[in-house]
Engineer: 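Quick one: structure below, then a few questions.
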There are 2 protein chains.
Amino acid sequence: MSASSDRPRGLHSSVLDALGSRIVAGELAPGQVLTLDRVDTEYGVSRSVSREAIRVLESMGLVAARRRVGVTVQPRETWNVFDPRVIRWRLDGADRSNQLLSLSELRMGFEPVAAALAAQRATPEQCGVLAAAVSDMVVHGTSGDLESYLDADTVFHRTLLEASGNEMLRALGGVVEEVLAGRTHHHLMPSSPNPDAIALHETVARAVRLRDPATARDAMRRIIDEAADAMREQFAEE
Amino acid sequence: MSASSDRPRGLHSSVLDALGSRIVAGELAPGQVLTLDRVDTEYGVSRSVSREAIRVLESMGLVAARRRVGVTVQPRETWNVFDPRVIRWRLDGADRSNQLLSLSELRMGFEPVAAALAAQRATPEQCGVLAAAVSDMVVHGTSGDLESYLDADTVFHRTLLEASGNEMLRALGGVVEEVLAGRTHHHLMPSSPNPDAIALHETVARAVRLRDPATARDAMRRIIDEAADAMREQFAEE
DNA sequence: CAACAAGATAAATCAGACTAATTGTGACCC
DNA sequence: GGGTCACAATTAGTCTGATTTATCTTGTTG
(Lines give C-alpha, C1' and ligand atoms only; values in the text may rest on other atoms or scores of the structure.)
Protein backbone atom coordinates (compact mmCIF):
# COMPACT_ATOMS: atom_id res chain seq x y z
CA MET A 1 0.00 0.00 0.00
CA SER A 2 1.60 3.23 -1.13
CA ALA A 3 0.42 6.01 1.17
CA SER A 4 -3.06 6.70 -0.05
CA SER A 5 -4.89 8.27 2.86
CA ASP A 6 -2.93 10.18 5.42
CA ARG A 7 -3.51 9.41 9.03
CA PRO A 8 -6.88 10.80 10.22
CA ARG A 9 -4.97 12.90 12.75
CA GLY A 10 -7.75 14.48 14.69
CA LEU A 11 -11.37 15.37 14.52
CA HIS A 12 -10.73 18.54 12.61
CA SER A 13 -9.10 16.61 9.82
CA SER A 14 -12.12 14.37 9.40
CA VAL A 15 -14.47 17.30 9.04
CA LEU A 16 -12.07 18.91 6.59
CA ASP A 17 -11.94 15.75 4.54
CA ALA A 18 -15.68 15.29 4.56
CA LEU A 19 -16.47 18.85 3.54
CA GLY A 20 -13.69 18.96 0.97
CA SER A 21 -14.85 15.79 -0.73
CA ARG A 22 -18.43 16.98 -0.84
CA ILE A 23 -17.40 20.26 -2.40
CA VAL A 24 -15.18 18.87 -5.14
CA ALA A 25 -17.80 16.23 -5.86
CA GLY A 26 -20.26 19.01 -6.52
CA GLU A 27 -22.64 17.86 -3.80
CA LEU A 28 -22.09 21.26 -2.24
CA ALA A 29 -22.43 23.46 -5.29
CA PRO A 30 -20.74 26.84 -5.77
CA GLY A 31 -22.82 29.62 -4.33
CA GLN A 32 -24.35 27.42 -1.69
CA VAL A 33 -23.90 28.76 1.82
CA LEU A 34 -23.15 26.91 5.01
CA THR A 35 -23.18 28.31 8.49
CA LEU A 36 -20.73 27.31 11.15
CA ASP A 37 -23.58 26.36 13.46
CA ARG A 38 -24.87 23.98 10.87
CA VAL A 39 -21.48 22.36 10.43
CA ASP A 40 -21.09 21.97 14.19
CA THR A 41 -24.36 20.19 14.65
CA GLU A 42 -24.18 18.20 11.45
CA TYR A 43 -20.85 16.65 12.34
CA GLY A 44 -21.36 16.74 16.09
CA VAL A 45 -18.21 18.68 16.86
CA SER A 46 -17.41 21.84 18.71
CA ARG A 47 -17.00 25.20 17.07
CA SER A 48 -13.23 25.27 17.29
CA VAL A 49 -12.85 22.19 15.14
CA SER A 50 -15.37 23.29 12.54
CA ARG A 51 -13.82 26.75 12.48
CA GLU A 52 -10.39 25.32 11.84
CA ALA A 53 -11.67 23.04 9.12
CA ILE A 54 -13.42 25.94 7.42
CA ARG A 55 -10.31 28.05 7.75
CA VAL A 56 -8.23 25.50 5.90
CA LEU A 57 -10.88 25.12 3.22
CA GLU A 58 -10.79 28.88 2.84
CA SER A 59 -7.02 28.81 2.47
CA MET A 60 -7.48 26.31 -0.35
CA GLY A 61 -9.96 28.60 -2.07
CA LEU A 62 -12.84 26.14 -1.75
CA VAL A 63 -14.97 28.42 0.39
CA ALA A 64 -15.14 32.05 1.44
CA ALA A 65 -16.46 33.21 4.78
CA ARG A 66 -18.28 36.50 5.16
CA ARG A 67 -19.97 37.99 8.15
CA ARG A 68 -23.70 37.98 8.29
CA VAL A 69 -23.96 35.72 5.25
CA GLY A 70 -22.03 32.60 6.14
CA VAL A 71 -19.57 30.35 4.36
CA THR A 72 -20.19 30.22 0.62
CA VAL A 73 -18.81 27.50 -1.59
CA GLN A 74 -16.55 28.96 -4.27
CA PRO A 75 -16.47 28.09 -7.97
CA ARG A 76 -13.73 25.91 -9.30
CA GLU A 77 -11.75 28.84 -10.71
CA THR A 78 -10.63 29.93 -7.29
CA TRP A 79 -9.52 26.54 -6.03
CA ASN A 80 -5.86 25.83 -5.31
CA VAL A 81 -5.84 22.95 -7.75
CA PHE A 82 -2.25 22.12 -6.84
CA ASP A 83 -3.02 21.39 -3.24
CA PRO A 84 -2.38 17.68 -2.78
CA ARG A 85 -5.59 17.23 -0.86
CA VAL A 86 -7.69 18.85 -3.55
CA ILE A 87 -6.07 16.57 -6.11
CA ARG A 88 -6.76 13.49 -4.04
CA TRP A 89 -10.38 14.45 -3.40
CA ARG A 90 -10.93 14.89 -7.09
CA LEU A 91 -9.19 11.64 -7.96
CA ASP A 92 -11.27 9.77 -5.41
CA GLY A 93 -14.54 11.31 -6.49
CA ALA A 94 -16.69 11.66 -9.55
CA ASP A 95 -14.32 14.15 -11.11
CA ARG A 96 -11.66 11.53 -11.60
CA SER A 97 -11.45 11.45 -15.38
CA ASN A 98 -11.29 15.20 -15.81
CA GLN A 99 -8.60 15.41 -13.18
CA LEU A 100 -6.53 12.68 -14.76
CA LEU A 101 -6.68 14.26 -18.20
CA SER A 102 -5.75 17.67 -16.81
CA LEU A 103 -2.85 16.16 -14.97
CA SER A 104 -1.65 14.30 -18.03
CA GLU A 105 -1.55 17.49 -20.06
CA LEU A 106 0.33 19.11 -17.24
CA ARG A 107 2.84 16.27 -17.04
CA MET A 108 3.45 16.68 -20.75
CA GLY A 109 4.76 20.09 -19.82
CA PHE A 110 7.04 19.59 -16.92
CA GLU A 111 8.30 16.04 -17.02
CA PRO A 112 10.27 16.43 -20.28
CA VAL A 113 11.86 19.57 -18.91
CA ALA A 114 12.69 17.77 -15.70
CA ALA A 115 14.28 14.98 -17.73
CA ALA A 116 16.43 17.45 -19.62
CA LEU A 117 17.53 19.15 -16.42
CA ALA A 118 18.20 15.81 -14.78
CA ALA A 119 20.46 14.92 -17.69
CA GLN A 120 22.56 17.93 -16.75
CA ARG A 121 22.47 17.60 -12.98
CA ALA A 122 21.80 14.03 -11.80
CA THR A 123 24.29 12.53 -9.40
CA PRO A 124 25.79 9.11 -10.09
CA GLU A 125 23.74 7.81 -7.20
CA GLN A 126 20.51 9.03 -8.75
CA CYS A 127 21.50 7.46 -12.06
CA GLY A 128 21.87 4.19 -10.21
CA VAL A 129 18.43 4.48 -8.65
CA LEU A 130 16.93 5.16 -12.07
CA ALA A 131 18.61 2.12 -13.56
CA ALA A 132 17.43 -0.07 -10.70
CA ALA A 133 13.89 1.22 -11.04
CA VAL A 134 13.87 0.40 -14.76
CA SER A 135 15.16 -3.06 -14.01
CA ASP A 136 12.35 -3.59 -11.50
CA MET A 137 9.83 -2.38 -14.05
CA VAL A 138 11.04 -4.98 -16.50
CA VAL A 139 10.76 -7.79 -13.96
CA HIS A 140 7.35 -6.91 -12.57
CA GLY A 141 6.06 -5.84 -15.95
CA THR A 142 6.57 -9.29 -17.43
CA SER A 143 5.39 -11.08 -14.30
CA GLY A 144 2.20 -9.01 -14.33
CA ASP A 145 2.51 -7.81 -10.74
CA LEU A 146 0.89 -4.40 -11.23
CA GLU A 147 1.37 -3.24 -7.66
CA SER A 148 5.12 -3.81 -7.68
CA TYR A 149 5.30 -2.31 -11.14
CA LEU A 150 3.59 0.79 -9.77
CA ASP A 151 6.15 1.04 -7.00
CA ALA A 152 9.05 0.91 -9.44
CA ASP A 153 7.37 3.40 -11.77
CA THR A 154 6.82 5.74 -8.85
CA VAL A 155 10.44 5.54 -7.77
CA PHE A 156 11.55 6.24 -11.33
CA HIS A 157 9.52 9.39 -11.78
CA ARG A 158 10.13 10.70 -8.29
CA THR A 159 13.86 10.22 -8.63
CA LEU A 160 13.91 11.92 -11.98
CA LEU A 161 12.07 14.96 -10.66
CA GLU A 162 14.40 15.13 -7.68
CA ALA A 163 17.39 14.88 -9.97
CA SER A 164 16.19 17.92 -11.88
CA GLY A 165 17.52 19.97 -8.99
CA ASN A 166 14.45 22.20 -9.13
CA GLU A 167 12.43 22.25 -5.97
CA MET A 168 9.16 23.08 -7.68
CA LEU A 169 9.58 20.25 -10.13
CA ARG A 170 10.35 17.99 -7.22
CA ALA A 171 7.21 19.17 -5.48
CA LEU A 172 5.22 17.90 -8.45
CA GLY A 173 6.40 14.42 -7.56
CA GLY A 174 3.44 14.09 -5.25
CA VAL A 175 1.14 14.92 -8.11
CA VAL A 176 2.70 12.37 -10.42
CA GLU A 177 2.52 9.79 -7.69
CA GLU A 178 -1.19 10.41 -7.28
CA VAL A 179 -1.70 10.06 -11.01
CA LEU A 180 0.19 6.81 -11.25
CA ALA A 181 -1.51 5.34 -8.20
CA GLY A 182 -4.93 6.53 -9.31
CA ARG A 183 -4.39 5.09 -12.77
CA THR A 184 -3.65 1.58 -11.58
CA HIS A 185 -6.00 1.48 -8.61
CA HIS A 186 -8.91 2.62 -10.70
CA HIS A 187 -8.10 0.14 -13.43
CA LEU A 188 -7.10 2.59 -16.11
CA MET A 189 -3.97 0.55 -16.84
CA PRO A 190 -3.74 -2.25 -19.37
CA SER A 191 -3.59 -5.59 -17.56
CA SER A 192 0.05 -5.89 -18.54
CA PRO A 193 2.22 -2.81 -19.11
CA ASN A 194 3.23 -1.81 -22.60
CA PRO A 195 6.79 -3.06 -23.34
CA ASP A 196 7.43 0.05 -25.41
CA ALA A 197 6.77 2.20 -22.36
CA ILE A 198 9.35 0.27 -20.38
CA ALA A 199 11.85 0.63 -23.19
CA LEU A 200 11.30 4.39 -23.18
CA HIS A 201 11.96 4.52 -19.47
CA GLU A 202 15.23 2.81 -20.10
CA THR A 203 16.09 5.28 -22.81
CA VAL A 204 15.52 8.14 -20.40
CA ALA A 205 17.64 6.53 -17.73
CA ARG A 206 20.48 5.97 -20.14
CA ALA A 207 20.27 9.48 -21.61
CA VAL A 208 20.43 10.94 -18.12
CA ARG A 209 23.49 8.90 -17.32
CA LEU A 210 25.14 9.90 -20.61
CA ARG A 211 24.30 13.59 -20.07
CA ASP A 212 22.14 13.83 -23.18
CA PRO A 213 19.34 16.29 -22.38
CA ALA A 214 17.69 16.27 -25.80
CA THR A 215 17.26 12.51 -25.91
CA ALA A 216 16.03 12.40 -22.34
CA ARG A 217 13.47 15.09 -23.05
CA ASP A 218 12.15 13.46 -26.20
CA ALA A 219 11.87 10.02 -24.69
CA MET A 220 10.08 11.38 -21.67
CA ARG A 221 7.67 13.20 -23.93
CA ARG A 222 6.87 9.91 -25.62
CA ILE A 223 6.32 8.26 -22.25
CA ILE A 224 3.65 10.77 -21.34
CA ASP A 225 2.08 10.51 -24.76
CA GLU A 226 1.89 6.76 -24.45
CA ALA A 227 0.40 6.94 -20.98
CA ALA A 228 -2.25 9.43 -22.07
CA ASP A 229 -3.15 7.29 -25.08
CA ALA A 230 -3.43 4.13 -22.99
CA MET A 231 -5.61 5.94 -20.50
CA ARG A 232 -7.90 7.25 -23.20
CA GLU A 233 -8.23 3.73 -24.54
CA GLN A 234 -9.26 2.36 -21.16
CA PHE A 235 -11.74 5.19 -20.79
CA ALA A 236 -13.27 4.26 -24.11
CA GLU A 237 -13.72 0.67 -23.00
CA GLU A 238 -15.82 1.62 -19.98
CA MET B 1 -0.82 48.42 -9.09
CA SER B 2 -1.50 44.83 -9.94
CA ALA B 3 -2.98 43.09 -6.90
CA SER B 4 0.05 42.53 -4.77
CA SER B 5 -1.10 42.27 -1.17
CA ASP B 6 -4.49 40.85 -0.35
CA ARG B 7 -6.65 42.68 2.15
CA PRO B 8 -5.59 41.95 5.74
CA ARG B 9 -8.99 40.33 6.42
CA GLY B 10 -8.80 39.68 10.11
CA LEU B 11 -6.41 39.21 12.94
CA HIS B 12 -5.80 35.61 12.11
CA SER B 13 -4.56 36.53 8.66
CA SER B 14 -1.96 38.92 10.04
CA VAL B 15 -0.51 36.29 12.33
CA LEU B 16 -0.47 33.84 9.45
CA ASP B 17 1.36 36.30 7.26
CA ALA B 18 3.87 37.19 9.93
CA LEU B 19 4.70 33.61 10.82
CA GLY B 20 4.76 32.51 7.20
CA SER B 21 7.20 35.23 6.19
CA ARG B 22 9.47 34.48 9.10
CA ILE B 23 9.55 30.81 8.24
CA VAL B 24 10.33 31.15 4.55
CA ALA B 25 12.91 33.80 5.37
CA GLY B 26 14.65 31.25 7.54
CA GLU B 27 14.34 33.35 10.66
CA LEU B 28 12.38 30.46 12.10
CA ALA B 29 14.60 27.58 11.08
CA PRO B 30 13.43 24.04 10.41
CA GLY B 31 13.39 21.98 13.58
CA GLN B 32 12.69 24.98 15.77
CA VAL B 33 9.61 24.53 17.93
CA LEU B 34 6.97 27.06 18.84
CA THR B 35 4.25 26.63 21.38
CA LEU B 36 0.79 28.01 20.92
CA ASP B 37 1.06 29.87 24.21
CA ARG B 38 4.17 31.59 22.94
CA VAL B 39 2.46 32.64 19.72
CA ASP B 40 -0.53 33.98 21.66
CA THR B 41 1.50 36.19 23.90
CA GLU B 42 4.02 37.22 21.26
CA TYR B 43 1.35 38.53 18.91
CA GLY B 44 -1.10 39.50 21.62
CA VAL B 45 -3.97 37.45 20.29
CA SER B 46 -6.26 34.81 21.69
CA ARG B 47 -5.78 31.11 21.30
CA SER B 48 -8.41 30.68 18.63
CA VAL B 49 -6.69 32.99 16.21
CA SER B 50 -3.23 31.56 16.76
CA ARG B 51 -4.63 28.06 16.46
CA GLU B 52 -6.26 28.86 13.15
CA ALA B 53 -3.12 30.48 11.81
CA ILE B 54 -1.06 27.48 12.82
CA ARG B 55 -3.62 25.19 11.28
CA VAL B 56 -3.29 26.89 7.93
CA LEU B 57 0.49 26.86 8.13
CA GLU B 58 0.24 23.16 8.83
CA SER B 59 -1.95 22.68 5.78
CA MET B 60 0.76 24.38 3.72
CA GLY B 61 3.38 22.04 5.12
CA LEU B 62 5.35 24.82 6.80
CA VAL B 63 4.87 23.45 10.30
CA ALA B 64 3.73 20.27 12.00
CA ALA B 65 1.95 20.17 15.34
CA ARG B 66 2.46 17.30 17.75
CA ARG B 67 1.14 16.79 21.22
CA ARG B 68 3.50 17.27 24.08
CA VAL B 69 6.14 18.69 21.72
CA GLY B 70 4.67 21.78 20.17
CA VAL B 71 4.68 23.18 16.68
CA THR B 72 7.86 22.40 14.81
CA VAL B 73 8.96 24.25 11.71
CA GLN B 74 9.29 21.88 8.76
CA PRO B 75 12.11 21.73 6.22
CA ARG B 76 11.58 23.14 2.77
CA GLU B 77 10.96 19.73 1.23
CA THR B 78 7.53 19.46 2.77
CA TRP B 79 6.30 22.92 1.81
CA ASN B 80 3.45 23.34 -0.65
CA VAL B 81 5.62 25.45 -2.90
CA PHE B 82 2.70 26.05 -5.26
CA ASP B 83 0.61 27.78 -2.67
CA PRO B 84 0.31 31.40 -3.87
CA ARG B 85 1.05 32.72 -0.41
CA VAL B 86 4.24 30.71 -0.09
CA ILE B 87 5.36 32.01 -3.46
CA ARG B 88 4.68 35.59 -2.50
CA TRP B 89 6.44 35.27 0.84
CA ARG B 90 9.50 33.92 -0.90
CA LEU B 91 9.45 36.57 -3.59
CA ASP B 92 9.14 39.31 -1.00
CA GLY B 93 11.88 37.94 1.20
CA ALA B 94 15.54 37.04 1.01
CA ASP B 95 14.82 33.94 -1.05
CA ARG B 96 13.80 35.98 -4.05
CA SER B 97 16.49 35.01 -6.53
CA ASN B 98 16.21 31.27 -5.90
CA GLN B 99 12.47 31.46 -6.24
CA LEU B 100 12.66 33.37 -9.50
CA LEU B 101 15.09 30.92 -11.04
CA SER B 102 13.00 27.94 -9.96
CA LEU B 103 9.93 29.53 -11.41
CA SER B 104 11.65 30.29 -14.68
CA GLU B 105 12.67 26.67 -15.11
CA LEU B 106 9.14 25.69 -14.33
CA ARG B 107 7.73 28.10 -16.88
CA MET B 108 9.99 26.56 -19.47
CA GLY B 109 7.99 23.42 -18.92
CA PHE B 110 4.42 24.43 -18.97
CA GLU B 111 4.13 27.62 -20.99
CA PRO B 112 5.19 26.06 -24.31
CA VAL B 113 2.69 23.27 -23.76
CA ALA B 114 0.03 25.80 -22.93
CA ALA B 115 0.84 27.68 -26.13
CA ALA B 116 0.48 24.50 -28.17
CA LEU B 117 -2.85 23.67 -26.55
CA ALA B 118 -4.05 27.24 -26.99
CA ALA B 119 -3.28 26.97 -30.68
CA GLN B 120 -5.78 24.13 -30.80
CA ARG B 121 -8.45 25.53 -28.53
CA ALA B 122 -8.38 29.32 -28.33
CA THR B 123 -11.61 31.14 -29.11
CA PRO B 124 -11.60 34.01 -31.62
CA GLU B 125 -12.20 36.34 -28.72
CA GLN B 126 -9.08 35.13 -26.93
CA CYS B 127 -7.09 35.54 -30.13
CA GLY B 128 -8.25 39.13 -30.22
CA VAL B 129 -7.15 39.75 -26.65
CA LEU B 130 -3.73 38.29 -27.43
CA ALA B 131 -3.31 40.54 -30.47
CA ALA B 132 -4.34 43.59 -28.47
CA ALA B 133 -1.91 42.72 -25.71
CA VAL B 134 0.95 42.40 -28.18
CA SER B 135 0.03 45.74 -29.66
CA ASP B 136 0.12 47.33 -26.20
CA MET B 137 3.50 45.75 -25.57
CA VAL B 138 4.86 47.34 -28.72
CA VAL B 139 3.58 50.79 -27.74
CA HIS B 140 4.70 50.78 -24.14
CA GLY B 141 7.91 48.93 -24.96
CA THR B 142 9.12 51.70 -27.23
CA SER B 143 7.87 54.47 -24.96
CA GLY B 144 9.71 52.86 -22.04
CA ASP B 145 6.71 52.76 -19.71
CA LEU B 146 7.67 49.60 -17.85
CA GLU B 147 4.57 49.48 -15.67
CA SER B 148 2.16 49.54 -18.60
CA TYR B 149 4.38 47.08 -20.43
CA LEU B 150 4.06 44.77 -17.45
CA ASP B 151 0.29 45.02 -17.56
CA ALA B 152 0.18 44.08 -21.24
CA ASP B 153 2.65 41.25 -20.71
CA THR B 154 0.54 39.94 -17.84
CA VAL B 155 -2.63 39.99 -19.91
CA PHE B 156 -0.85 38.14 -22.69
CA HIS B 157 0.39 35.27 -20.57
CA ARG B 158 -2.76 34.98 -18.52
CA THR B 159 -4.93 34.86 -21.62
CA LEU B 160 -2.72 32.28 -23.22
CA LEU B 161 -2.90 30.01 -20.19
CA GLU B 162 -6.66 30.41 -20.04
CA ALA B 163 -6.92 29.62 -23.73
CA SER B 164 -5.13 26.32 -23.12
CA GLY B 165 -8.42 25.03 -21.77
CA ASN B 166 -6.60 23.25 -18.98
CA GLU B 167 -7.60 24.34 -15.52
CA MET B 168 -4.29 23.48 -13.93
CA LEU B 169 -2.37 25.45 -16.51
CA ARG B 170 -4.74 28.31 -15.93
CA ALA B 171 -4.10 28.09 -12.22
CA LEU B 172 -0.43 28.69 -12.93
CA GLY B 173 -1.40 32.11 -14.24
CA GLY B 174 -1.08 33.47 -10.75
CA VAL B 175 2.46 32.14 -10.56
CA VAL B 176 3.47 33.71 -13.85
CA GLU B 177 1.93 36.98 -12.77
CA GLU B 178 4.02 36.97 -9.62
CA VAL B 179 7.15 36.27 -11.63
CA LEU B 180 6.53 39.05 -14.11
CA ALA B 181 5.63 41.53 -11.41
CA GLY B 182 8.56 40.50 -9.23
CA ARG B 183 10.93 40.79 -12.15
CA THR B 184 10.08 44.37 -12.99
CA HIS B 185 9.46 45.62 -9.45
CA HIS B 186 12.78 44.30 -8.27
CA HIS B 187 14.58 45.74 -11.25
CA LEU B 188 15.55 42.51 -12.93
CA MET B 189 14.31 43.83 -16.27
CA PRO B 190 16.42 45.72 -18.81
CA SER B 191 15.45 49.38 -18.76
CA SER B 192 13.78 48.95 -22.12
CA PRO B 193 12.34 45.59 -23.18
CA ASN B 194 14.11 43.50 -25.79
CA PRO B 195 12.45 44.06 -29.21
CA ASP B 196 13.11 40.43 -30.08
CA ALA B 197 11.00 39.36 -27.10
CA ILE B 198 8.12 41.45 -28.34
CA ALA B 199 8.44 39.98 -31.81
CA LEU B 200 8.30 36.49 -30.32
CA HIS B 201 5.12 37.36 -28.50
CA GLU B 202 3.64 38.39 -31.77
CA THR B 203 4.73 35.15 -33.37
CA VAL B 204 2.94 33.22 -30.66
CA ALA B 205 -0.23 35.25 -31.04
CA ARG B 206 -0.27 34.72 -34.77
CA ALA B 207 0.48 31.01 -34.51
CA VAL B 208 -2.39 30.60 -32.08
CA ARG B 209 -4.74 32.39 -34.41
CA LEU B 210 -3.54 30.28 -37.35
CA ARG B 211 -3.89 27.04 -35.37
CA ASP B 212 -0.20 26.20 -35.60
CA PRO B 213 0.74 24.44 -32.33
CA ALA B 214 4.34 23.67 -33.23
CA THR B 215 5.22 27.26 -34.05
CA ALA B 216 3.42 28.55 -30.98
CA ARG B 217 5.27 26.13 -28.76
CA ASP B 218 8.70 26.91 -30.19
CA ALA B 219 8.24 30.66 -30.03
CA MET B 220 7.03 30.45 -26.49
CA ARG B 221 10.03 28.38 -25.56
CA ARG B 222 12.26 31.11 -26.95
CA ILE B 223 10.38 33.72 -24.94
CA ILE B 224 11.12 31.93 -21.70
CA ASP B 225 14.73 31.37 -22.70
CA GLU B 226 15.16 35.06 -23.45
CA ALA B 227 13.55 36.07 -20.17
CA ALA B 228 15.76 33.73 -18.18
CA ASP B 229 18.87 34.97 -19.95
CA ALA B 230 17.95 38.60 -19.37
CA MET B 231 17.31 37.90 -15.71
CA ARG B 232 20.62 36.12 -15.29
CA GLU B 233 22.34 39.11 -16.87
CA GLN B 234 20.72 41.51 -14.45
CA PHE B 235 21.68 39.26 -11.57
CA ALA B 236 25.26 39.34 -12.75
CA GLU B 237 25.27 43.13 -12.79
CA GLU B 238 24.30 43.37 -9.12
C1' DC C 1 18.98 -3.76 32.55
C1' DA C 2 14.43 -4.19 31.06
C1' DA C 3 9.77 -3.47 31.65
C1' DC C 4 6.43 -0.94 33.53
C1' DA C 5 4.08 2.84 36.11
C1' DA C 6 3.45 7.64 37.40
C1' DG C 7 3.89 12.43 36.28
C1' DA C 8 4.44 16.32 33.36
C1' DT C 9 3.59 18.76 29.15
C1' DA C 10 1.28 20.76 25.24
C1' DA C 11 -1.95 20.15 21.73
C1' DA C 12 -6.94 18.97 20.94
C1' DT C 13 -11.49 19.56 22.10
C1' DC C 14 -15.40 21.54 24.33
C1' DA C 15 -18.51 25.26 26.05
C1' DG C 16 -20.24 29.80 26.32
C1' DA C 17 -20.00 34.79 26.15
C1' DC C 18 -19.04 38.87 23.91
C1' DT C 19 -17.61 41.84 19.65
C1' DA C 20 -17.98 43.57 15.20
C1' DA C 21 -19.28 43.78 10.52
C1' DT C 22 -22.83 43.51 7.12
C1' DT C 23 -27.22 43.08 5.30
C1' DG C 24 -32.05 43.71 5.20
C1' DT C 25 -36.00 46.37 6.62
C1' DG C 26 -38.91 49.80 7.65
C1' DA C 27 -39.74 54.49 8.94
C1' DC C 28 -39.27 58.92 7.37
C1' DC C 29 -38.80 62.79 4.42
C1' DC C 30 -38.74 64.99 -0.12
C1' DG D 1 -43.19 56.90 -5.43
C1' DG D 2 -38.55 56.85 -4.59
C1' DG D 3 -34.47 57.79 -2.11
C1' DT D 4 -32.09 58.15 2.45
C1' DC D 5 -31.09 56.96 6.93
C1' DA D 6 -31.34 54.65 11.38
C1' DC D 7 -32.04 50.36 13.63
C1' DA D 8 -32.40 45.44 14.30
C1' DA D 9 -31.17 40.83 13.03
C1' DT D 10 -27.66 37.66 11.70
C1' DT D 11 -23.37 35.47 11.40
C1' DA D 12 -18.39 35.20 11.45
C1' DG D 13 -14.64 36.71 14.51
C1' DT D 14 -12.46 36.94 18.98
C1' DC D 15 -11.80 35.97 23.77
C1' DT D 16 -11.62 33.09 27.96
C1' DG D 17 -11.16 29.13 30.80
C1' DA D 18 -11.89 24.32 31.64
C1' DT D 19 -11.30 19.55 30.34
C1' DT D 20 -9.46 15.64 27.63
C1' DT D 21 -6.01 13.05 25.25
C1' DA D 22 -1.66 11.75 23.38
C1' DT D 23 3.17 11.52 24.22
C1' DC D 24 7.58 12.08 26.22
C1' DT D 25 10.36 11.85 30.55
C1' DT D 26 11.55 10.03 34.62
C1' DG D 27 11.72 6.97 38.20
C1' DT D 28 10.71 2.64 40.27
C1' DT D 29 10.69 -2.18 40.60
C1' DG D 30 11.56 -6.94 39.32
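Since the model is a prediction, treat every value here as computed from it, not as a measurement. Below, chains carry the letters A, B, ... as their sequence lines are ordered, and counting in each starts from 1. As a basis for the values below, the full set of heavy atoms in this structure was taken, side chains included, without hydrogen atoms, waters or symmetry mates.
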Engineer: Would you kindly give the OH-to-P distance between A/Y43 and C/dT13, to the nearest whole Å?
Structural biologist: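 Computing the A/Y43:OH to C/dT13:P distance gives 16 Å.
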
Engineer: CG of A/L11 versus P of C/dA11: gap in Å, rounded?
Structural biologist: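 One finds 18 Å between P of C/dA11 and CG of A/L11, rounded.
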
Engineer: I want to check something: taking the side chain as every heavy atom from C-beta on, are A/D95 and A/V24 in contact at a cut-off of under 4.5 Å?
Structural biologist: no

Engineer: Quick one: on DNA chain C, does A/R66 or A/V45 contact a more 5' nucleotide (nearest heavy atom)?
Structural biologist: A/V45

Engineer: What are the atom names and distances for every N/O pair under 3.5 Å that joins the protein to nucleotides 16-20 of chain C?
Structural biologist:
from, atom 1, to, atom 2, distance (Å)
C/dA17, N6, A/R47, NH2, 2.8

Engineer: Could you give the CD-to-C1' distance, from A/E52 to C/dC14, as a whole number of Å?
Structural biologist: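 Value for this atom pair: 12 Å.
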
Engineer: Looking for any heavy atom pair under 4.0 Å, which part of the strands does A/T35 touch: base, sugar-phosphate only, or nothing?
Structural biologist: sugar-phosphate

Engineer: First and last nucleotide of DNA chain D in contact with chain A, 5' to 3', at under 4.0 Å to a heavy atom: what are they?
Structural biologist: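 Terminal contacting nucleotides, 5' to 3': D/dA9 to D/dT14.
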
Engineer: Between B/L36 and A/S48, who's closer to the 5' end of DNA chain C by nearest nucleotide?
Structural biologist: B/L36

Engineer: With no hydrogens and no angle check, is any side-chain donor or acceptor of A/T154 less than 3.5 Å from a backbone partner on A/E177?
Structural biologist: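 Pair absent, no side-chain N/O of A/T154 close to backbone of A/E177.
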
Engineer: Suppose we call a contact any N or O donor and acceptor under 3.5 Å apart; does that hold for the side chain of B/R68 and the base of C/dA8?
Structural biologist: yes

Engineer: So A/F156 and A/H201, would you call those rings parallel, tilted or perpendicular, with 30° and 60° as cut-offs?
Structural biologist: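 Rings of A/F156 and A/H201: perpendicular, as their planes differ by over 60°.
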
Engineer: With a 4.0 Å cut-off on heavy atoms, is A/R55 in touch with a base, just the backbone sugar-phosphate, or nothing at all?
Structural biologist: sugar-phosphate

Engineer: Can you list every pair that meets side-chain hydrogen bond (donor to acceptor under 3.5 Å, both in side chains) and has a residue in residues 19-33 of chain A, with sequence neighbours left out?
Structural biologist: A/R22-A/E27, A/R22-A/E42, A/R22-A/Y43

Engineer: Any non-hydrogen side-chain atom of B/E147 less than 4.5 Å from a side-chain atom of B/L150?
Structural biologist: yes

Engineer: If you apply the rule salt bridge (Lys or Arg N to Asp or Glu O under 4.0 Å), what do you find for A/R55 with A/E58, and how did you get there?
Structural biologist: CA-CA 5 Å; A/R55 197 58 97 193; A/E58 185 182 44; 3.1 Å; yes

Engineer: Does some side-chain heavy atom of A/L172 sit less than 4.5 Å from a side-chain heavy atom of A/F82?
Structural biologist: yes

Engineer: Considering every strand and a 4.0 Å limit on heavy-atom distances, what is the contact class for B/I54: base, sugar-phosphate, or nothing?
Structural biologist: nothing

Engineer: Looking only at side chains, do A/Q74 and A/T72 share a donor and an acceptor under 3.5 Å apart?
Structural biologist: yes

Engineer: Taking side chain as C-beta onward, heavy atoms only, is B/S164 less than 4.5 Å from A/E105?
Structural biologist: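 Not touching, per the 4.5 Å side-chain cut-off.
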
Engineer: How long is the line joining CG of B/D40 and P of C/dA10, in whole Å?
Structural biologist: 13 Å

Engineer: Using a heavy-atom cut-off of under 4.0 Å over every strand shown, decide if B/R51 touches base, sugar-phosphate, or nothing.
Structural biologist: base

